[in-house]
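Whatever order the structure lists them in is the order used to number ligands and atoms, beginning at 1.
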Amino acid sequence: MNGPNLNLLGRREPGVYGSEGMDSVLKGLRQEFPDVEIEYFQSNHEGALIERLHATWDEPEVIGIAFNAGAYTHTSVALRDAIAAIPAPVVEVHISNVHTREEFRRHSMIAAVCKGVVAGFGVDSYSLAVRGLLKAVVE
Ligand code: DQA
């Protein structure tokens with residue numbers, strides 16, 4: 001799952017987030033994890049992200065969620081509560097190393113209710129999050 005502004009991945013601030021778009025990232029993930037069905041959801045709206053998380057209550061096939069909540073990571077108590085509410089484990093993902101950037105990016109509202117955090121590996125952060133989830137949940 002991706003949050004706000006990540007629909008612009010590949011075009012947005014390429015010096016920070018790279019020039020690869022999410023379509024290409026997803027293609028790579030599906031090649032790397034052929035035995036896993038990878039669904040993608042992106043929204044710029046906090047409520048839509050919350051409702052997508054809630055929907056996993058009725059989707060026992062969802063074994064985990066790699067979630068780049070974008071700027072909502074740093075602000076959203078509501079997303080934190082939604083992550084805490086659902087049974088599926090969530091991994092917090094960031095393309096950039098948020099700890100080397102502005103002070104306000106160093107704090108995460110959601111990290112404490114996530115299974116783990118991956119940040120700073122470019123778009124490979126998504127793949128590392130899926131690997132971590134699979135290892136934690138399936139193996
Ligand atoms: C981001 C980091 C956030 O601070 C920022 O607001 C984003 C992207 C990342 O992937 O590095 O939108 O989550």
Enquirer: Check whether more than 12 heavy atoms from other residues, nucleotides or ligands sit under 6.0 Å from atom CZ of Arg131, and answer yes or no.
Expert: no
Enquirer: With a 4.5 Å cut-off on side-chain heavy atoms, are Tyr126 and Val118 touching?
Expert: no
Enquirer: Measure the shortest side-chain to side-chain distance between Glu39 and Glu61 over non-hydrogen atoms and say whether it is less than 4.5 angstrom.
Expert: no
Enquirer: What's the verdict on side chain to side chain contact (heavy atoms under 4.5 Å, CB included) for Leu133 and Ile63, showing C-alpha distance, side-chain angles and the deciding distance?
Expert: CA-CA 8 Å; Leu133 274 170; Ile63 58 161; 5.9 Å; no
Enquirer: Transitively linked via ILVMFWY side-chain contacts under 4.5 Å: Ile110 with Val91?
Expert: no
Enquirer: Applying salt bridge (Lys or Arg N to Asp or Glu O under 4.0 Å) as the test, list every pair that has at least one member in residues 92-114; sequence neighbours left out.
Expert: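 Counting only pairs at least two positions apart or across chains, the salt bridge (Lys or Arg N to Asp or Glu O under 4.0 Å) contacts touching residues 92-114 are Glu102-Arg105, Glu103-Arg106.
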Enquirer: With the criterion set at N/O pairs under 3.5 Å, what does the list of contacts between the protein and ligand 1 look like, atom names and distances included?
Expert:
{"unit_1": "ligand 1", "atom_1": "4 (O)", "unit_2": "His74", "atom_2": "NE2", "d": "2.7"}
{"unit_1": "ligand 1", "atom_1": "4 (O)", "unit_2": "Arg105", "atom_2": "NH1", "d": "2.9"}
{"unit_1": "ligand 1", "atom_1": "6 (O)", "unit_2": "Ala71", "atom_2": "N", "d": "3.1"}
{"unit_1": "ligand 1", "atom_1": "6 (O)", "unit_2": "Arg105", "atom_2": "NH1", "d": "3.1"}
{"unit_1": "ligand 1", "atom_1": "10 (O)", "unit_2": "Asn68", "atom_2": "ND2", "d": "2.8"}
{"unit_1": "ligand 1", "atom_1": "10 (O)", "unit_2": "Ile95", "atom_2": "N", "d": "2.7"}
{"unit_1": "ligand 1", "atom_1": "11 (O)", "unit_2": "Ile95", "atom_2": "N", "d": "3.2"}
{"unit_1": "ligand 1", "atom_1": "11 (O)", "unit_2": "Ser96", "atom_2": "N", "d": "2.9"}
{"unit_1": "ligand 1", "atom_1": "11 (O)", "unit_2": "Ser96", "atom_2": "OG", "d": "2.6"}
{"unit_1": "ligand 1", "atom_1": "12 (O)", "unit_2": "Arg12", "atom_2": "NH1", "d": "3.2"}
{"unit_1": "ligand 1", "atom_1": "12 (O)", "unit_2": "Arg12", "atom_2": "NH2", "d": "3.0"}
{"unit_1": "ligand 1", "atom_1": "13 (O)", "unit_2": "Asn68", "atom_2": "OD1", "d": "2.7"}
{"unit_1": "ligand 1", "atom_1": "13 (O)", "unit_2": "His94", "atom_2": "ND1", "d": "2.7"}

